[in-house]
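Have a look at the structure below before the remarks.
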Amino acid sequence: MLLCPVIGKLQHKRVVLASSSPRRQEILSNAGLRFEVVPSRFKEQLHKAAFATPHAYAVETAKQKALEVASRMHQKDLRAPDVVIGADTIVAVGGLILEKPVDKQDAYRMLLRLSGKEHSVFTGVTIVHCRSKDGQLDTEVSEFYEETTVKFSELSEELLWEYIDSGEPMDKAGGYGIQALGGMLVEYVRGDFLNVVGFPLNRFCKELARLYRAPGAPGAPRRVQRDSIPAVHTFEELGDADAEGSGSGPAPANAGREAGGVRPRAPRTREADLNGVTDSQPPLLAGLLELMYGFKASKVLLTACKLNVFDVLKDRGPLTAADVARKIDASVGGTEHLLDICAALGLLDKSDRGYSNTETASLHLASDSEQSLHGLAAYHDGPVWGAFTQLGRAVREGAAWTPEPLPQAPHERSTEETLQFMRASHGLSKLTAQHVATAFDLSPFTSACHLGGCTGALAHKLVQEYPRLQVTVFDLPEVVKLAGDFQTDAQPSERVHFVPGDLSSDSLPPADLYVLCSLLHDWPEDRLHGLLSRVSGSCKPGAGLLLAELAPAEEEAAGGAARRPPGLRTLGTGRRPRGPGRYQRLLQRLGFQDVQAARAGGLLHVVLGTRAAP
Ligand SMILES: Cc1cn([C@@H]2O[C@H](COP(=O)(O)OP(=O)(O)OP(=O)(O)O)[C@@H](O)[C@H]2O)c(=O)[nH]c1=O
């Protein structure tokens, strides 16, 4: 795939999409870009008559959107992201620029204007590269636009109003969405379809390729050697990862990284590149190397968490390596090396003044943040890491070994080990609870039972969302005994009760909704069937069963995984996560009806079914 290396150029940068458009977010995340979303507050009110062409207007609006976000973020925490992307989509017909309709009448006027005719859709895009220089924001702006021609059929009055009443036109330029119902109005499209939807992905990739083109080969396609190592795979490469962006492209925001503890490598020919190159790197080999090297990055992250690096840097301006070393009671040289690698992994920002947390690090890796995954890191650095280092011996000797050791052997756990497991589970549950609780409307249910509900994080979110709901948390006695030690962001509620018991042998507490969350993805088929049959047997007609499970990565779900080694979500379980369709069919077979599936945030999918009368 040619485009991957292009998108990969942004991999180690803090990228922000300055847009609230869900379509843009989807297009870019489907392309594999990792970014934060910070919608722009720029008012789209530029004087249209002042622009010679409609696309000049779109490009300027896109630029103002992106610059507003870059300067707001810079002012807010004195550090700007590396790259801000802004976009603006307009429809141009007969010399008029159409944006989003303000009301139904406006939508009607727009669609009538488009009926039976060709029009142009322009998306202006701006890529702003930012860096902080002496506390000032320094930006470098690249901009472009793409034009697509769209022809509408003649639209009858009735069709027009039916479409307007669907509500679809209101947040879309020109008053239609070609990707949904609006597609029925369209006779033909000439040009990039995604440009109409809101983001010209193809042109964007070409622009990135142009911006990040390696020196010495302007525009010339270059061959990729079979044995060249793609992207960033060793710590040395991580250390000079930004050097990839040097050359004729914009200087990266944290240029000067080589001043840190990582030894600069001798210059070498960079073969894998972007601009229209033959990318003959077999995906399988790239995947294999990722698997081989991946543990190094994990250990760096886990160690930095364990040494409380992200706690020390939270809510503070940049600190030097010596400052951090003093606070974590470690050597300066070792700390500097660790911080440099964290920066190269995108966990920290490095500037002339020192190191600071990225937003993600403050949010998820500091131990006291609301959405902390510090407990999960400690669990992986402790028992999980330990189990993996014993893998060879366990396999040779035939000892019981599973990648997730604790849930499998409750009787062998010490209190501290149980707590460690609960901390890990608590962090993840808090992060996903809101999505799980609101993926479907659960208000018809009055009692729920969260099986394996651990610390009650999801239970508390459920009662917060549904004022009539009582929730029982059912889990092993030693878990229930310790659950009181855990805080949830929700107020403690009298509508949450804990009941000790064993899922596989004890009878389940009565409820009209059973919930299973992040429990089943690595279970073998027979165990899964056994549990679901037990739950189904406890469901009265009309009762619900809600499953929230790890979603396969998008590309796996789309069948793309066959060409690559399994991805991160499979790692350690030996099994690919089951897609929602699989759970839907299982529930249907067990006598559930109206079985629906939905996505719950980026990590989970949720399936809900209702027990039919026997
Ligand atoms: C023609 C067409 C447009 N759109 C959407 O129209 C909005 C344009 O408005 P914008 O001002 O460019 O963006 P926004 O939604 O206001 O977001 P922001 O970037 O925050 O200004 C964007 O959403 C686009 O997807 C579709 O979803 N489908 C289509 O067929």
Side-chain angles (χ1 to χ4, degrees), residues 375 379 383-384 387 399-429 432-433 436 445 447-460 462 470-486 488 495-540 543-550 572-573 575 578 583 586-587 590-592 607 609 611:
Y379 175 61
V384 178
W401 174 84
T402 68
E404 301 293 341
L406 288 181
Q408 312 291 335
H411 49 281
E412 289 166 11
R413 288 183 216 164
S414 68
T415 301
E416 181 46 34
E417 283 169 336
T418 306
L419 273 172
Q420 225 170 1
F421 170 70
M422 290 174 75
R423 284 185 208 115
S425 161
H426 189 64
L428 258 187
S429 299
T432 52
V436 173
F445 300 106
S447 64
C449 176
H450 183 186
L451 301 167
C454 201
T455 64
L458 176 58
H460 280 100
L462 283 167
Q470 304 269 344
V471 185
T472 304
V473 177
F474 186 71
D475 214 319
L476 293 168
E478 64 267 31
V479 171
V480 168
K481 206 161 70 194
L482 298 167
D485 293 0
F486 287 84
T488 61
R495 289 184 286 125
V496 174
H497 311 274
F498 285 80
V499 173
D502 189 333
L503 264 185
S504 50
S505 49
D506 294 335
S507 54
L508 307 179
D512 54 31
L513 173 70
Y514 287 95
V515 179
L516 284 160
C517 184
S518 302
L519 191 73
L520 309 172
H521 64 271
D522 58 345
W523 282 28
E525 291 298 298
D526 50 345
R527 198 165 164 221
L528 170 73
H529 283 252
L531 177 65
L532 291 184
S533 307
R534 273 172 60 69
V535 178
S536 167
S538 301
C539 285
K540 299 204 178 72
L545 173 53
L546 183 80
L547 305 179
E549 286 300 326
L550 197 64
T573 67
R575 255 173 227 103
R578 301 173 182 93
Y583 288 108
L586 261 171
L587 292 200
L590 285 166
F592 287 86
V607 173
R611 187 82 173 96

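Both backbone and side-chain heavy atoms feed into the values below; hydrogens, waters and symmetry mates do not.
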CZ-CG distance between Phe486 and Leu419, expressed to the nearest 0.5 angstrom: 5.5 Å
Point-to-point distance, once rounded to the nearest 0.5 Å, from CG of Leu513 to OG of Ser447: 8.0 Å
Of Leu546, Leu547, Val535, the residue whose pairing with Tyr514 passes side chain to side chain contact (heavy atoms under 4.5 Å, CB included): Val535
Passing option when Val436 is tested against Cys517, Ser429, Ser518 for side chain to side chain contact (heavy atoms under 4.5 Å, CB included): Cys517
Nearest atoms (heavy-atom pairs only) where [X] meets [Y]:
X      : Y      : answer
Phe474 : Ser507 : CZ-O, 4.1 Å
Val515 : His450 : O-CD2, 3.4 Å
Leu516 : Leu545 : CD1-CD1, 4.4 Å
Gly456 : Val473 : CA-CG2, 4.0 Å
Phe445 : Gly544 : CE2-N, 3.6 Å
Ser536 : Arg611 : O-NE, 3.2 Å

Geometric class of the Phe421/Tyr379 ring pair [parallel <30°, tilted 30-60°, perpendicular >60°]: perpendicular
Derivation and outcome, side chain to side chain contact (heavy atoms under 4.5 Å, CB included), residues Leu519 and Leu503: CA-CA 11 Å; Leu519 191 73; Leu503 264 185; 3.8 Å; yes
Partners passing side chain to side chain contact (heavy atoms under 4.5 Å, CB included) against His497 (at least two apart in sequence or in another chain): Gln470
Min side-chain heavy-atom separation Leu586-Leu528 under 4.5 Å: yes
Heavy-atom side-chain proximity of Pro383 to Gln420 below 4.5 angstrom: yes
Side chain to side chain contact (heavy atoms under 4.5 Å, CB included) between Leu476 and Asp502, intermediate numbers included: CA-CA 6 Å; Leu476 293 168; Asp502 189 333; 4.2 Å; yes
Candidate pair His460 and Val471, rule side chain to side chain contact (heavy atoms under 4.5 Å, CB included), full reasoning: CA-CA 8 Å; His460 280 100; Val471 185; over 6 Å; no
Side-chain ([X]) to main-chain ([Y]) donor-acceptor, under 3.5 angstrom:
X      : Y      : value
Arg534 : Asp506 : yes
Asp475 : Cys454 : yes
His426 : Met422 : no
Arg495 : Leu462 : no

